[in-house]
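Chain letters run A, B, ... following the sequence lines, proteins first, then strands; residues in each count from 1.
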2 protein chains.
Amino acid sequence: MEDHDFEHLLRSADLRVTRPRLAVLRAVRRQPHADTGSVLAAVRTEEPTVSHQAVYDVLGALTDSGLVRRIQPAGSVARYELRVGDNHHHAVCRSCGVVADVDCAVGVRPCLDASDTHGFVIDEAEVTYWGLCPACSTRAVTT
Amino acid sequence: MEDHDFEHLLRSADLRVTRPRLAVLRAVRRQPHADTGSVLAAVRTEEPTVSHQAVYDVLGALTDSGLVRRIQPAGSVARYELRVGDNHHHAVCRSCGVVADVDCAVGVRPCLDASDTHGFVIDEAEVTYWGLCPACSTRAVTT
DNA sequence: AGGAAAAACTTGACTGGTTCAAGTAAAGGG
DNA sequence: CCCTTTACTTGAACCAGTCAAGTTTTTCCT
């Protein structure tokens, strides 16, 4: 994803192209799974005057348009990533909270065949793998 | 689950048997997927003097011991349920937030075979089905 | 039963991510 | 280049959840 593709991306979503939005997109590309605070800090390295509210607004708009994906594992604040529409899932470390991408082995739409959804109209199956990241699992064994 | 089974349940988890804990267990049994506020309200119908901190502590202790399960879909506060250890999942309504239980059709440990977990030691795969509940999907079509 | 130690609960203050509201600035179509 | 719409800034507020200190209750042991 080239820098100037972000502009097309925004236009194709009927969103105006602004410096804060481009900076947020670059920040999320730079640090996948970053939370809002990290995005804000990253944005301010290139655009020091951007407000925290702007970052919330931008991330909301980008999420609504499907340009970024918001994930929020239990006990975590909201995190964002650019990778979108490829049906991948996440592994979350119970100890340090770090998130990693996981491609589900089951297929394109894993587990979407729930036995009985009680009349719900399901459009997405989100899988979260819980466990320990390499660093934390090593530490647990050693200690 | 009989009322007086809760006492054995607590003892078997090395937790002391107290009125607040029994009241919380009854509340969660009465309203599956209730959030902390609802549990507090329900508890106070039978134990009016229980503090909100006690409910947080109790729910935390019960969750740590595996007697209740905490779920927290993105954008929702923490919710609790008694059904535990049977590997079921949840359908969440994008519109009203209501939660329903779903037994996964894939098997006992669905989707636990992630292709590449980047060295994570995974102990649980949590599946969240997103969509519209019967009431909200009907309303969406009608409107 | 009685008394001590440990665990649980009450009270009240506080935190921090997120949202609300009003006013200002910038984008992009005409 | 101007006007309308959308986006951003500023600053306050919200609220689920947590922290800390002190009191009460449970349970174990004699």
- Check the pair A/F6, A/R29 against side chain to side chain contact (heavy atoms under 4.5 Å, CB included), reporting the backbone distance first and the verdict last. CA-CA 11 Å; A/F6 286 149; A/R29 177 184 50 190; 3.7 Å; yes
- Item | Short side-chain N/O contact from B/R11 to OP1 or OP2 of D/dT27, under 4.0 Å | yes
- Does A/T18 make a side-chain N or O approach to OP1 or OP2 of D/dC8 shorter than 4.0 Å? yes
Which distance, rounded to the nearest 0.5 Å, do you find between the [atom1] of [X] and the [atom2] of [Y]?
{"X": "A/D101", "Y": "B/H118", "atom1": "CG", "atom2": "NE2", "result": "7.0 Å"}
{"X": "B/D35", "Y": "B/S76", "atom1": "CG", "atom2": "OG", "result": "7.0 Å"}
{"X": "A/Y80", "Y": "A/L62", "atom1": "OH", "atom2": "CG", "result": "9.5 Å"}

- Side-chain heavy atoms of B/V24 within contact of B/V68, under 4.5 Å: no
Could you tell me the separation between the [atom1] atom of [X] and the [atom2] atom of [N], rounded to a whole number of Å?
{"X": "B/R21", "N": "D/dT25", "atom1": "CZ", "atom2": "P", "answer": "15 Å"}
{"X": "B/Q53", "N": "D/dG17", "atom1": "CD", "atom2": "P", "answer": "12 Å"}
{"X": "A/H52", "N": "C/dC20", "atom1": "NE2", "atom2": "P", "answer": "13 Å"}
{"X": "B/E47", "N": "D/dT25", "atom1": "CD", "atom2": "C1'", "answer": "13 Å"}
{"X": "A/D57", "N": "C/dA21", "atom1": "CG", "atom2": "C1'", "answer": "12 Å"}
{"X": "A/L10", "N": "D/dT6", "atom1": "CG", "atom2": "C1'", "answer": "13 Å"}
{"X": "A/Y56", "N": "D/dG11", "atom1": "OH", "atom2": "P", "answer": "18 Å"}

Considering only distance and modelled atom types, tabulate donor-acceptor pairs under 3.5 Å from the side chains of residues 50-59 of chain A, sequence neighbours left out.
residue : atom : partner : partner atom : Å
A/S51   : OG   : A/A54   : N            : 3.1
A/Q53   : NE2  : A/D57   : OD1          : 3.1

- Message: Is it the case that C/dA6 (base atoms only) and B/R16 (side chain only) share a donor and an acceptor within less than 3.5 Å, ignoring hydrogens and angles?
- Response: yes
- Checking C/dT18, D/dC8, D/dA16 against the side chain of A/V58 (C-beta onward), the nearest is D/dC8
- DNA chain C contacts among residues 59-75 of chain B, heavy-atom distance under 4.0 Å: none
- Numerically ordered, the residues 32-40 of chain A set in heavy-atom contact under 4.0 Å with DNA chain C is A/T36
- Considering the terminal five base pairs at each end of the helix from C/dA1-D/dT30 to C/dG30-D/dC1, what angle separates the two local helix axes, rounded to 10°? 40°
- Task: Write out all pairs satisfying salt bridge (charged side-chain N to carboxylate O under 4.0 Å, His left out) with one or both partners inside residues 58-71 of chain A, taking only residues at least two apart or from two chains.
- Result: A/R69-A/E81
- Message: Under the ring pair (Phe, Tyr, Trp, His ring centres under 6.0 Å) definition, can you give me all pairs with a residue in residues 22-49 of chain B, not counting sequence neighbours?
- Response: B/H33-B/H90
- 5'-most by nearest nucleotide on DNA chain C - B/L15 or A/R19: B/L15
- Task: Consider only side-chain heavy atoms of I, L, V, M, F, W and Y, link residues closer than 4.5 Å, and tell whether A/L9 and A/L15 are in one cluster.
- Result: yes
- Task: Look at the side-chain heavy atoms of Ile, Leu, Val, Met, Phe, Trp and Tyr, link any pair under 4.5 Å apart, and say whether B/L67 and B/V39 land in one connected group.
- Result: yes
- Indicate whether the side chain of B/D103 and that of B/H88 have a donor and an acceptor atom separated by less than 3.5 Å. no
- Look at the side chain of A/S38 and the backbone N and O of A/A34, then say whether any donor-acceptor pair between them is shorter than 3.5 Å. no
- Map B/V17 and A/A54 onto DNA chain D by nearest heavy atom, then report which one ends up closer to the 5' terminus. A/A54
